[in-house]
Structures are given as structure tokens and as C-alpha cells.
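Report on the following structure.
Whatever order the structure lists them in is the order used to number ligands and atoms, beginning at 1.
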Amino acid sequence: MRPVPDQLIPTFVFDDRVELARVLADEVEQLVARPAGLVLGLATGSTPIDTYREFARRHRDSKLSFARVTTFNLDEFVGLHADHAQSFRRWTRENLFAHVDFDATRTHFPDVDARDLAAASRAYEDAIRAAGGIDLQILGIGRNGHIGFNEPGSARDSRTRAVELHPWTREDAAAAFGALELVPQRAVTMGVATILAARRLRVIALGVKKAGIVRETLRARQDSSLPSTWLRDHGDVRLYLDREAASAL
Ligand code: PGA
């Protein structure tokens, strides 16, 4: 782990993605052990997967228990059944919950099936607040600077809500869905302000495709056209990169 000095977000580069996962899992493990327990915000996809594998390994080999951890997922597509191969509910179940002893009554996803998405989104905010707020949010950055599905144009004070997906986001998802037309147009996401309210933000970016947005996140003028630039305002945020994602710094 190598710190990159003088960045607007404390930034660390790892030669090995598994080492990155271990550093983040060490922090989560310390928080899990606190008497107050842990409220953990979960991202999905290739970015956090090594970290979730590390959680599973520690549960299996060291009996680390997540039974008292409360989770809130960042976002979900609108229009997919919970069992759809590309839904984040299924992804999280298969890649994390199936391997670790989370208590299902403590895991939460944005309600994308509600008829009134605005009311369901307000209820999600209420549930986060009732749980005491998110202690640590695991986060990725999209190529277009999105955090969660807060696409370019998302306001800094936005809260959980239904959003239209950006063309790049749908393009990036097209391969997994099999065709661009199959990618949903909408999602429900925690808002920028919801994310910034987490006590700790641990942001991961991997691969050369993210090198440009990592540079912009750290250096571009703060603006809602690049929601990831708002991360610089957080008092306890760290950016974890592999060498490729750090290659434009
Ligand atoms: P990923 O990026 O899809 O490459 O994991 C994270 C994100 O878009 O939020």
C-alpha cells in the first residue's frame, strides 16, 4: 500500500487487489467487533468483489461473524425481478450473503418494486436513519463520475430516489445484460447527500478504464456534472486504487 501524497482525497495505491481487499476487510473487522455493531453500506459489481471474498474467507477460516451487521445496498435497477441474473439483490445474495452469516432481517435494498418509488425511497432514508446511519460505505466510481447511480447532474443534496440511467452506465452494463435494449432505463439509488452522510467512505477504483475519472475526481472543479468530486468534501474518505486506476495521477 503506497500513499499518493497531497491529494484532495487521501489516496492509496495497491500492487495487488487482494491486498486492497485485506486492508478494507481489516477495517470492517475492527468495526464489527465494536459493541455498537456496524451499519455497512454495500456496493455491487467487480469493484468490491475481492473485498466480499475476503469477508467470506474470514468468516470461513477465522469464524468472523457478520450476524450483527446491518447492511444497506447503494442502488438497484428498476424493472428487474429480485431473482433476475443482473439484479443487485441477486448479485449480493450470491456473492456475499450466501458465504457469510448476515442476518436477513438486517439486510436492506432500495425498494424498486413499490408503486410509489418516491415514498419507498423516503422509507429507505428513514430505515438508514433508524439504524443509526451508515458507519462505513463501500463505494465505486463510474467512468462518468457517478457514485451509486447518481449520474452527472445529480445534486449534492440529493437523497434516495428514482433516477434515469446515463448512456455510459447502460453501455457499461450492456455486455452483462446481453444487449443494450435489455438494460433498464431507471434505477433507485441512495443520493449524493445520503452517501456523504456515511461516517466513513471507502472508495475503490480498479483498472485503466477508471484512470481518467480518478484523476478528474481528485482534480476537476467540484460540480454536479461529476458527482464523484463531491467526495472531496467528506471528512473521512479514502480512495483505494490499483496501479492501473492510478496511472493518470
Ligand atoms: P464498476 O464501477 O461497475 O466498474 O464496478 C463502479 C460503478 O460504476 O459505480
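- Residues Phe72 and Val28 fall into different hydrophobic clusters, defined by Ile, Leu, Val, Met, Phe, Trp and Tyr side chains chained together at heavy-atom separations under 4.5 Å.
- Checking only distances, Thr44 never comes within under 3.5 Å of ligand 1, N or O to N or O.
- Both Val214 and Trp230 sit in one connected hydrophobic cluster of ILVMFWY residues. Membership requires side-chain heavy atoms under 4.5 Å apart, directly or through other members.
- Thr47 OG1, 2.6 Å is the protein heavy atom nearest to atom 5 (O) of ligand 1.
- For ligand 1, the atoms lying closer than 4.0 Å to a non-hydrogen atom of Gly142 are 7 (C), 8 (O), 9 (O).
- Put simply, no part of Lys209 is less than 4.0 Å from ligand 1, judged by heavy atoms.
- For ligand 1 and Lys210, the ligand atoms under 4.0 Å from any heavy atom of the residue are 1 (P), 2 (O), 4 (O), 6 (C).
- Heavy atoms of Arg143 found under 4.0 angstrom from ligand 1: none, in either backbone or side chain.
- The shortest contact between atom 8 (O) of ligand 1 and any protein heavy atom is with His146 NE2, 2.7 Å.
- Of the inter-residue distances, the one linking Gln137 atom CD with Leu42 atom CG reads 7.5 Å to the nearest 0.5 angstrom.
- In this structure the side chain of Asp233 reaches within 4.5 angstrom of the side chain of Gln222, judged on heavy atoms.
- Counting atoms of ligand 1 from 1 in the listed order, those under 4.0 Å from a heavy atom of Ser46 are 5 (O).
- For atom 3 (O) of ligand 1, the nearest protein heavy atom lies 4.0 Å away or farther.
- No salt bridge links Glu19 with Arg22; every basic N to acidic carboxylate O contact stays at or beyond 4.0 Å.
- By the 30° and 60° cut-offs, the orientation of the rings of Phe14 relative to Tyr240 is perpendicular.
- Aromatic ring centres of Phe177 and Phe77: separated by under 6.0 Å.
- Looking at Ile141 against ligand 1, only its backbone comes within 4.0 Å, counting heavy atoms.
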